[in-house]
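Before any comments, here is the structure.
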Number of protein chains: 2
Amino acid sequence: MINTRFSVAVHILSLLASEPERRLSSSYMAASVNTNPVVIRRISGMLKQAGLLQTKPGVSGALITKAPADITLLEIYRAVQQDDPLFSTHSSPNPDCPVGRNIQSTLDESFKRAQNAMEAELQKQSLADVTSHLFV
Amino acid sequence: MINTRFSVAVHILSLLASEPERRLSSSYMAASVNTNPVVIRRISGMLKQAGLLQTKPGVSGALITKAPADITLLEIYRAVQQDDPLFSTHSSPNPDCPVGRNIQSTLDESFKRAQNAMEAELQKQSLADVTSHLFV
DNA sequence: ACCACCTGTAACTTTAATGGTTACAAAACG
DNA sequence: CGTTTTGTAACCATTAAAGTTACAGGTGGT
């Protein structure tokens with residue numbers, strides 16, 4: 001199961017998108033997510049590296065850097081998951097067995113196709129699609 | 001990251017598919033996977049419940065129950081992952097915040113779409129597709 | 001210039017999931 | 001009958017994630 005970083009990252013950006021003029025501090029966002037400010041800063045750091053938000057040390061709060069319609073969920077996913085594989089394969093199968101010898105490379109291909117399909121769907125959804133459901 | 005049960009399950013079924021006449025014991029398969037026989041029996045149990053293989057208590061070995069071309073990777077995935085969600089959402093966001101109040105149900109929908117896309121791709125691949133790459 | 005406050009980050013603790021292991025009852029077969 | 005195997009339960013070890021504490025460094029208000 002994929003960790004909650006992705007979920008929290010979308011939450012953070014949704015908050016920033018809802019008040020694009022206002023700098024929201026990590027404490028403020030932590031109260032909405034219901035976690036510790038350090039957790040927010042950790043994930044904000046990854047989003048900053050991906051160019052999705054701006055912060056300055058010492059200056060309170062973060063600002064979103066793009067229009068929500070121009071941020072795909074895939075960008076957010078990649079920002080927090082880097083290139084972690086979605087599926088893991090068991091390690092060191094028996095090389096003396098034809099199945100054991102070739103299973104890993106074969107599975108890697110199948111798994112990559114599945115992951116690509118998932119990511120293609122995330123590419124189709126934008127942050128604006130998410131936020132449009134939040135305020136109704 | 002998805003656990004290695006799926007990977008091991010495909011390995012098990014590939015072994016059984018490679019010798020459909022022969023009953024392979026959990027110890028034999030454990031040697032190919034490079035793990036403990038109990039791990040194999042644990043996963044075999046799930047595959048049995050899904051109708052993908054047969055075993056009898058006391059009788060050594062397992063047999064595959066279908067032609068590899070008729071087993072999709074999705075069937076195997078479902079057999080070992082049940083209906084675990086692919087993505088997790090952070091728990092108890094703040095209900096006093098419009099974002100916190102609605103983020104979970106919104107994310108659930110987005111995440112389900114992504115998971116569906118992944119599963120649709122697994123549906124397209126059969127065990128035969130995998131085994132055809134193993135013996136070359 | 002000072003101070004209160006914030007970010008960024010490292011380090012540590014806690015918790016949960018996974019895989020490996022031990023143990024043993026129940027069943028089958030020679 | 002006794003050896004072997006499956007099916008499970010129970011337990012241990014390892015790992016990853018999230019939460020927490022701590023603190024250096026920067027900023028802006030006073």
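The sequence lines fix the lettering, A, B, ..., with proteins before strands; numbering per chain opens at 1.
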Short question: side chain of B:N34, backbone of B:A30 - any donor-acceptor pair under 3.5 Å?
no
Provide the closest heavy-atom pair for B:A79 versus B:M46 in the form atom of the first, atom of the second, distance.
O-CB, 3.6 Å
Sub-4.5 Å side-chain heavy-atom contact between B:T4 and A:T89:
no
Under 3.5 Å, side chain of B:R23 to main-chain N/O of B:A62, donor-acceptor pair present?
no
For A:K48, which residues count as a side chain to side chain donor-acceptor pair (under 3.5 Å) partner, sequence neighbours excluded?
A:T55
How long is the line joining CZ of B:F6 and P of C:dT18, in whole Å?
15 Å
Has A:Q125 got a side-chain atom pairing as donor or acceptor with A:L73's backbone, closer than 3.5 angstrom?
no
Just N and O in the side chain of A:T4: are any of them under 4.0 Å from OP1 or OP2 of D:dA18?
yes
Which letter, B, S or -, goes with each nucleotide of nucleotides 20-30 of chain D from 5' to 3', with contact meaning a protein heavy atom under 4.0 Å?
BBB--BBS---
If you fit an axis to the five pairs at each end of the helix from C:dA1-D:dT30 to C:dG30-D:dC1, how big is the angle between those two axes, to 10 degrees?
10°
Tell me whether the guanidinium CZ or amine NZ of A:R22 lies under 6.0 angstrom from the six-membered ring centre of A:Y28 and within 45° of its axis.
yes
Could you note down all residue pairs passing salt bridge (Lys or Arg N to Asp or Glu O under 4.0 Å) where residues 71-85 of chain A supplies at least one of them, sequence neighbours left out?
A:K66-A:E75, A:R78-A:E119
Judged by nearest nucleotide, the residue sitting upstream toward the 5' end of DNA chain D, B:S91 or B:S25, is B:S25
Rounding to an integer number of Å, can you tell me how far A:R5 CZ sits from D:dA17 P?
5 Å
Assign A:S26 to base, sugar-phosphate, or nothing according to its heavy-atom contacts below 4.0 angstrom with the strands shown.
sugar-phosphate
Would you kindly give the CZ-to-C1' distance between B:R23 and D:dT5, to the nearest whole Å?
11 Å
Linking I/L/V/M/F/W/Y whenever their side-chain heavy atoms sit closer than 4.5 Å, directly or via other members, would A:V59 and A:L52 fall into one cluster?
no
Residues within residues 73-85 of chain B bordering DNA chain C, heavy-atom distance below 4.0 Å
none
Short side-chain N/O contact to C:dC6 OP1/OP2 from A:T55, under 4.0 Å
no
Rounded interatomic separation in angstrom, taking CD1 from A:I2 and P from D:dA18:
12 Å
Could you tell me whether the side chain of B:Q104 and the main chain of B:H90 form a donor-acceptor pair under 3.5 Å?
yes
Would you please confirm or rule out a distance under 4.0 Å between OP1 or OP2 of C:dG8 and any side-chain N or O of A:K48?
yes
Is there any salt bridge (Lys or Arg N to Asp or Glu O under 4.0 Å) pair reaching into residues 120-136 of chain B, and which pairs are they, with sequence neighbours excluded?
B:E121-B:K124
